[in-house]
Each structure stands twice: as structure tokens, then as C-alpha cells.
Amino acid sequence: MHTSRFVNSQVMDAGSVPHVLGEGDLAAEDGLAMQHARSQFGTPVDIPWLQARHDGYPLCLTMSEYWKARRAGVNQVPHDDVALWTSAMTFGLLEAATRMQIPETLLLARGRQDSEIVLSGSRVLRLLVRWYLRLCRSSPAAYPPDVEDTHSQHGRDIAQLLERALRSLDDECGPDSFLKHANFEHDERRDFICAVALTVVPICAIAEKLWSAVPEVKSVAARLREDRTRPFFAVVISACKARMQREGWCPYAVASRFSGILMDLTLMSYFVSLKPSPDRRLGGHTECTHGACVQYTITDATTYVPRHVNPSCKCDYVKPPIREVELLLSEGLVPAVVFDGRDLHVVCAADNSYVSISHVWADGMGSTTEDGLPKCVVTRIAGLVRPLLPGSGAFWMDSLCVPGRKDLRKRAIRLMAETYRNAAKVLVIDEGIRRECSVGASWVDNLLRIAISGWMRRVWTLQEGLLARELWFEFVGGAVDVEEQTGAKRKLKAPSRSELISPRKPWMPSVQFPVPPHDLPFYVVPLLYLRVNKATRDIAFHEVLDQLYARMTSKIEDELLAVATLLPPHINMDALLAIAGPDFAQWRMRALFLQLREVPRGFPMSPSMPRLPMEGFRWAPRTLLRATRMSSRYGTGTCTEEGLLAEYFVARLEPPLNVQAEQNSFETEIDPRSLPGLFGLTVNVEHCMALESIASIDTLVFLGEDLTSHTSVRCAAARAGARSGSDAKEDPRRLGFVGTCLLRYAPRRVNRTGVSVPVLGELKKSWVLLR
């Protein structure tokens, strides 16, 4: 076992008698600093305490010292190793980082059951917040005379501690695991590693705040934030998803929105601590899966019935005069409505200021002009609109202004972009947002709630939000302009270093609670982030892809129609929509890529993406709703009738890997030959059509030439064609797409099986025609 996991850490010299912490060294549980620290630094969770021996030893300033002091002369069983590892990764790391002794009683607490003792995540964060505030506010006398050098050295020492801790988390995910040797079950190991990792995360976040000018700290923080290929990261993601589902979150929302929008463990740990919004629909999300949300998918419009504001309400329906709506639409004009408390009156939107209502039908407000809506619903909507437009009160809503008659419905849909673009304001009404978001709550909370809302998951709402002049959301208490309230409409510029620090303490950061606008995580709501940053420029196709990721539509034919106004102007939408017949949606997608011509060259490497089952297009996504953000980050290639022409890095596999027709995925090892160790290779062919025609994989295709700086690298598996080509653009290498791959570099791994493994040849930059 890896009992030397912490050995060889650099020993630090504190230069003073350590302070022993007590209750007075914990921040107030319900204080403002703790409220905002949970989102800025992370939210640790409770860890089962396995009775390790922590108290009774001198302060250890490295994790290796901590481990050796408690391991010396003791013949421990595997369970004891787990206990000591847990103690070293928590108490040991905290003591070495803060350079203060922490008694067990300060962090241990009763669990959910009286007999259970846990290391309290809340108390860990309270300790760290008080330590952070003390360092921010302390005088230079808290350090020896050469203050800045000593402070910087402390930061470098903490960076080394964190590197060691993160490597240990990675090791614990491998075969030589303390938890595995102690016979912990898979789910227990997953949850345990996650809990320990979420204790390390806030230390890293605080270190980055305190030592932002120390390169070693910036480096370890950046890798923790950006390298999502680390083994422990995948374990934490899995554990957080499982935890959220146990709490009642929609499995699809967790699988698609949660890990898709959150880029760092700090916010992820905070997100997990939030409770889902109570769902009025019968059964909640119990029938939802990782692949689809049943509650937000309307499969049979004929049985759909709008909901009243209160379930007990039995009020009559109100509807606008259908002839007046039809007349305006027939003239190419947008109808709007005004409610006088009893009847709906139709007005021409072009002659009035109006509010466009953006909602999802699954929230119970869907209908047509002919059928109308319950009077209680219309009254509530009109009540939201009047304060936004006191002199008008006019609003447009599809449920009242779009008839069910097919020809008129098509006219209304054609006018949809104009409808939202010309509205004075767009008001989002979403069941979850209106119940959980408020101006008095943390704006981080509000942004996370918006990010995972049903409104953010639908295709049609994308253009409705992006085209809005002003985008308002219904919160608890009324409509709110989120961009105005958060300061997003003003330039989001982080303060300069001179604005953050005091001349007396050149290394001290400022304490910023609550979170300032430039630090708010707008990126978790991609639509808001794009609105804040796009100004007046056109939206690029790769930005449309980012916005569409993990959205849903009940009708696959709506996908292109719903984003028509966001596509490049040279796209002939009429020609695309004219394509009919069997599999028309797939043929439309093929035609779209040919019209675009320049498409992301990362498409072939994007995982879990259904592909087109067509010759020359097996690399291409069958839908834009599953094209991951990775697709758009690496430039473009040229889509032709023969395939995707782009410049890649390619390497041959000798001998080729055989693929069986019934295999969805498989794992193997390959020898890089020019590097020590081995690569682990996972090949996924699940979404590749016509697999029966694939016999082998003899080539791996990469976006870049660096295969070792990250824990793993995405690539594409391919087979060489009959004519290899000369690697030039005029005569590219012809390859048949097989599937996506994940390549993991293990520099210390050796082949002990005695079975030869394929050799990865030299990486060569080549023009490729991928078919």
C-alpha cells in the first residue's frame, strides 16, 4: 500500500510556539461572512470520523510529519489506515496550512444519529473563514520583520501542501486505495473521497485569495479549477450528482446542467448544499432519467390542460377575440393583449409598448388563442406587467396570441424573433425561479437557481432571452431586472491591484463580503453571460452551440426553427425547412453543416454525442443540443460532401485494435514508446452508426500535440482509408471516423500482464479528411 504517500514534503519552520485554537476562533455560523464564504470558498460536508488518533501530538508542519508521527511503531489494520489518511487530509492539512494546533473537540460533532461522530464541514469552514479574516486584517507584526518574504513563503508552503493533498486524492481513486483495501463499498468510497476533497477545496480557494501574487499558489488553484480530467474530480462529480438526486433534484437537470455549467469544485460544493424547489406536479421528478426530464417534456399536446394559480380554483377561461388576432397576423403584424380585469382586448404590438412573456408550457400556462387561459392566470400575469409598463399594460404571450390554426401558427412563429426583439421588456415566468429567487437572497444562490431552472433547459427560450432589450425574471415579490440589480449592465471590470490593497500592507487582499458584481459567477447562466459580454456584436455559431448544450425540445423538428434567427445570416432557413420525408431532421442537420461550411473541428472528439448515420458525416452531431462546449474551443474545419477537412495531429496504432460489432465501449492500454509508462485508452463507439462495417482502429486523431500535461486527453478513433494521402491540404489523409476516445497517461504504470499492447506511433501534424 502507498503508506509513503505523504513522504518527502518540505518541512516548514513556523518560528514560533503554535497557537491552540478554541471556540472563539470559529466564525459565527449565521454571520454574513459565512453566508458568502460558502459560495466563494466552497461548502465542506460532514465526514464520518473513524476514531483516528489526532490529539496528543506536537504540531506537524508537513503532512509527512503528521503521518509518520502517528504511524510510528503501530501495526495498523486497513481500517486504521483509512482513519489516519482521513485525519491527515483534514486535521493534518488544516494545522499545517494555518500553523496552529486544532483539537479534535473543535471540529468533531454529533452526526444525524446520536451514536455517529462526524468531522463537521460547517465547523471546518467557520475555522477557515476566521483564519482568512484574521490574515486579511492582521498587522505586519503578525509576521517576522521581512513581512512580504515570509508571507510569500507561507503561500509557497501551502501550495506544496495542496499539491500533495490533491495527488493523494488522485491516488485514492486508483487500485492501491486505503478505502479499497479496507473493503469499503464502491458508493461508500465515492462519497468518502468526495467529502475529503470538499474539505481541501476551500483551503485552495482561500490560499488563492490570500496569495494571488504567488505563482505556485496560482498554479495549483488554476489546475484544480481547470483540469477536470483528474481522477478524483470525476469521483466528486459522481458523488455530488448522487447526493443531489437523493435530495430530489431532477436526474436530467443534475446530469446535464449541473456538471455542464459548473467549472470548479467551489461552486459545485455550494450547489450541492441547495435544496430543490418543491414541485407542484404529481410525482415530482421520480420518473425522470439522466437522458430526459419527463416533467418538462410534453409528449401529448391533446391531453394538456393549463393549471390554475391555486389547485382549488375553478374560474372560467378568458381569451382574446380570435378574429382580431387573425387579422393582424394575416397582415404580418404582431398582436398583443391588454386585460381590463374582465376581458382581453387585442392591440397591434407595433403601435404600443408591450412586454413579451417567456415561459415553458410544463409550468402550466400553455394554450392557444382559441382556448385561452384561466382568468386567475391572466390576472396574475397582467399584475406583473402593469408595474413594468404603467402607461400600457400590453403584453404578448404565445398562449393568447398564437392561434392553433396551422397556417396562422406558422405566421406567428415566423414573427417570433421580431416579437421578442421589439418588446420593451421580456419577462421570464418560471415556477422554480419565482418560488426560490429573491432580491434579499444571495445573488450566487439566485444565479444557480436560474441556471438549473426549467426555463434554461428549453430550446425556444434561448432566442427569447438573447433577443430581449431588457430581460426581467419573476422573483418572490415581483419582477426583477437581474442584470441591473447585479450591476451586470455596467462594465464588469475587476478592481485593479491598487484598488484592492493598502500601501501599508502590500501583500494583503481586501475582504469582500458580499460578493462584488465582478466576482459573481455569471458563467453558470450562459445566456446571461453572453448578454453581459456580447454588447452589440453578432452571436457566433460556436456561441450558439454553447447556449444550446443540454437544452431540450418536445419536437425535434423545432430545433432549427427555434434558433433560426441566431444562425449566421447566410444560412438559407427556407431551404432547410423544405427538407421532408423519412429522417428529415437528420438530413436538415447535414444540410445545415454544408451551408455553414466552417464547423468546429472539435466535433469528432466530443463525447456522448449522437452522430449522423451518413457516409462522410459519421463525425457530425445528429443534434446541436448535445454538442459539448469542447466542440467549439479549437477552431474550425471545412465541411464538404466527402467529409470534414481539418488539420489535426495523428498517430498510428500498431497493431490495430479490433472492434466487435456488439461493443459500445472498451478499454485497453497502449505503449507510447517514446515516453515512460503507458496510456490507458477508453474507446466509445456507442453513438457511431453502422458499426458492423468497422473492423479495426489504426489511427488516433488529436486536437493538439501535448498528450501528457493533463491527466487525460480527448481524441477520435479512426481507420485509414484505402488511399492514405500525403498529409497536405490538397491531398489530405483520408480516415473513417469510428468513435471518441479518452487517453489517460500513467507515467509510472508498467505492463505486468506479459501480453503485448499496441504501440502509439509518432504524432504528426496532418491535414485530414474525416469521413
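Heavy-atom basis, side chains included; hydrogens, waters and symmetry copies ignored. All residue numbers refer to positions in the sequence shown, counting from 1.
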Practice problem: To the nearest 0.5 angstrom, please state how far the CD atom of Glu705 sits from the CZ atom of Phe649. | Solution: 4.0 Å

Quiz item: Can you check ring pair (Phe, Tyr, Trp, His ring centres under 6.0 Å) on Phe522 and Trp443, steps first, answer last?
Solution: CA-CA 10 Å; Phe522 279 96; Trp443 275 106; 8.7 Å; no

Practice problem: Could you tell me whether the side chain of Glu667 and the main chain of Thr682 form a donor-acceptor pair under 3.5 Å? | Solution: no

Quiz item: Under the 3.5 angstrom rule, does the side chain of Asp46 hit a backbone N or O of Val118 as a donor-acceptor pair?
Solution: no

Quiz item: So do Met63 and Gln160 actually touch side chain to side chain, heavy atoms under 4.5 Å?
Solution: no

Quiz prompt | Side-chain donor or acceptor of His54 paired with backbone N/O of Ile102 under 3.5 Å | solution = yes

Quiz item: Are any of the side-chain heavy atoms of Trp49 and Leu107 separated by less than 4.5 Å?
Solution: no

Quiz item: What pair of heavy atoms forms the shortest contact from Ile203 to Ala97, and how long is it?
Solution: CG2-CB, 4.3 Å

Practice problem: Evaluate the side-chain proximity of Val200 to Leu93: yes if any heavy-atom separation is below 4.5 Å, no if none is. | Solution: yes

Quiz item: Is there a donor-acceptor pair closer than 3.5 Å between any side-chain N or O of Asp25 and the backbone N or O of Gly22?
Solution: yes

Quiz item: So among Arg190, Arg243, His186, which one has a side chain to side chain contact (heavy atoms under 4.5 Å, CB included) with Ser238?
Solution: Arg190

Practice problem: Test side chain to side chain donor-acceptor pair (under 3.5 Å) on Glu29 and Ser122 and set out the steps. | Solution: CA-CA 8 Å; Glu29 174 69 45; Ser122 174; 2.4 Å; yes

Quiz prompt | Glu23 atom CD, over 12 foreign heavy atoms within 6.0 Å | solution = yes

Quiz prompt | Verdict with reasoning, Phe232 to Leu265, per side-chain contact (heavy atoms from CB on, under 4.5 Å) | solution = CA-CA 11 Å; Phe232 84 84; Leu265 295 178; 3.8 Å; yes

Exercise. Could you check if a side-chain atom of Val82 sits within less than 4.5 angstrom of a side-chain atom of Leu50, using non-hydrogen atoms only?
Key: yes

Quiz item: Is there a ring pair (Phe, Tyr, Trp, His ring centres under 6.0 Å) between His285 and Tyr252 once you walk through the steps?
Solution: CA-CA 9 Å; His285 294 280; Tyr252 177 78; over 10 Å; no

Practice problem: Please indicate whether Arg246 has more than 12 foreign heavy atoms, meaning atoms of other residues, nucleotides or ligands, lying under 6.0 Å from its CZ. | Solution: yes

Exercise. Spell out, as yes or no, whether a donor-acceptor pair under 3.5 Å connects the side chain of Arg126 to the backbone of Leu26.
Key: no

Exercise. Might you point out which heavy atoms bring Gly602 and Leu703 nearest each other, and give the distance in Å?
Key: CA-CD2, 4.1 Å

Self-check item: Shortest non-hydrogen separation from Leu274 to Trp249 and the atoms involved
Solution: O-NE1, 3.4 Å

Quiz item: Among side-chain atoms of Ser442 and Gln35, is any donor-acceptor pair under 3.5 angstrom?
Solution: no

Quiz item: At what distance, to the nearest 0.5 angstrom, does CG of Asn684 lie from CZ of Arg714?
Solution: 8.5 Å

Quiz item: Which pair of heavy atoms, one from Leu707 and one from Phe679, lies closest together, and at what distance?
Solution: O-CE2, 3.9 Å

Quiz item: What distance do Asp170 atom CG and Leu166 atom CG have between them, rounded to the nearest 0.5 Å?
Solution: 7.5 Å

Quiz item: Should Ile47 and Val124 be marked as a side-chain contact (heavy atoms from CB on, under 4.5 Å) after you check the CA-CA gap, both sets of side-chain angles, and the distance that decides it?
Solution: CA-CA 11 Å; Ile47 306 173; Val124 167; over 6 Å; no

Self-check item: CE on Met100 to CG on Leu106, rounded to 0.5 Å
Solution: 10.5 Å

Self-check item: Side-chain heavy atoms of Leu657 within contact of Leu653, under 4.5 Å
Solution: yes

Practice problem: Output, in order, the C-alpha distance, side-chain angles, deciding distance and verdict of side-chain contact (heavy atoms from CB on, under 4.5 Å) for His154 and Arg99. | Solution: CA-CA 10 Å; His154 191 175; Arg99 297 177 171 178; 3.7 Å; yes

Quiz item: Is there a side-chain contact between Asp171 and Ser177, using heavy atoms and a 4.5 Å cut-off?
Solution: no

Quiz item: Side-chain contact, heavy-atom cut-off 4.5 Å: Leu119 with Phe91?
Solution: yes

Quiz prompt | Within 45° cone of Phe41 ring axis and under 6.0 Å: Arg38 NZ or CZ | solution = no

Quiz prompt | Short side-chain to backbone donor-acceptor contact, Arg110 and Ser115, under 3.5 Å | solution = no

Quiz prompt | Residues Arg53 and Ser87: side-chain donor-acceptor under 3.5 angstrom | solution = no

Quiz item: Which heavy atom of Pro276 sits nearest a heavy atom of Gly248, and at what distance?
Solution: CG-C, 4.0 Å

Quiz prompt | Distance-only polar pair, side chains of Ser64 and Thr62, donor-acceptor under 3.5 Å | solution = yes

Exercise. Work out which heavy atom in Ala651 is nearest to a heavy atom in Leu760; give both atom names and the distance.
Key: CB-CD1, 3.7 Å

Quiz prompt | Donor-acceptor contact present, side-chain Arg130 to main-chain Gly24, <3.5 Å | solution = yes

Quiz prompt | Ser120 and Leu108, any side-chain heavy atoms less than 4.5 Å apart | solution = no

Practice problem: May I ask you to decide if Ser168's main-chain N or O and Glu172's side chain share a donor-acceptor pair within less than 3.5 Å? | Solution: no

Quiz item: Do the side chain of Ser39 and the main chain of His36 share a donor and acceptor less than 3.5 angstrom apart?
Solution: yes

Exercise. Might you confirm whether atom NZ of Lys218 has over 12 heavy atoms from other residues, nucleotides or ligands at distances under 6.0 Å?
Key: no

Exercise. Report yes or no: does Tyr745 contribute a side-chain atom to a donor-acceptor pair with the main-chain N or O of Val713 at less than 3.5 Å?
Key: no

Quiz item: Out of curiosity, Met34 CE to Thr43 OG1, how far, rounded to the nearest 0.5 Å?
Solution: 8.5 Å

Practice problem: Evaluate the criterion side-chain contact (heavy atoms from CB on, under 4.5 Å) for residue pair Leu169 and Phe233; output intermediate values, then yes/no. | Solution: CA-CA 9 Å; Leu169 285 168; Phe233 197 102; over 6 Å; no

Quiz item: Going from CD1 on Ile158 to CG on Leu210, what distance comes out if it is rounded to the nearest 0.5 angstrom?
Solution: 7.5 Å

Practice problem: Determine, stepwise, if the pair Phe178 / Trp67 fulfils ring pair (Phe, Tyr, Trp, His ring centres under 6.0 Å). | Solution: CA-CA 14 Å; Phe178 291 130; Trp67 179 271; 5.6 Å; yes

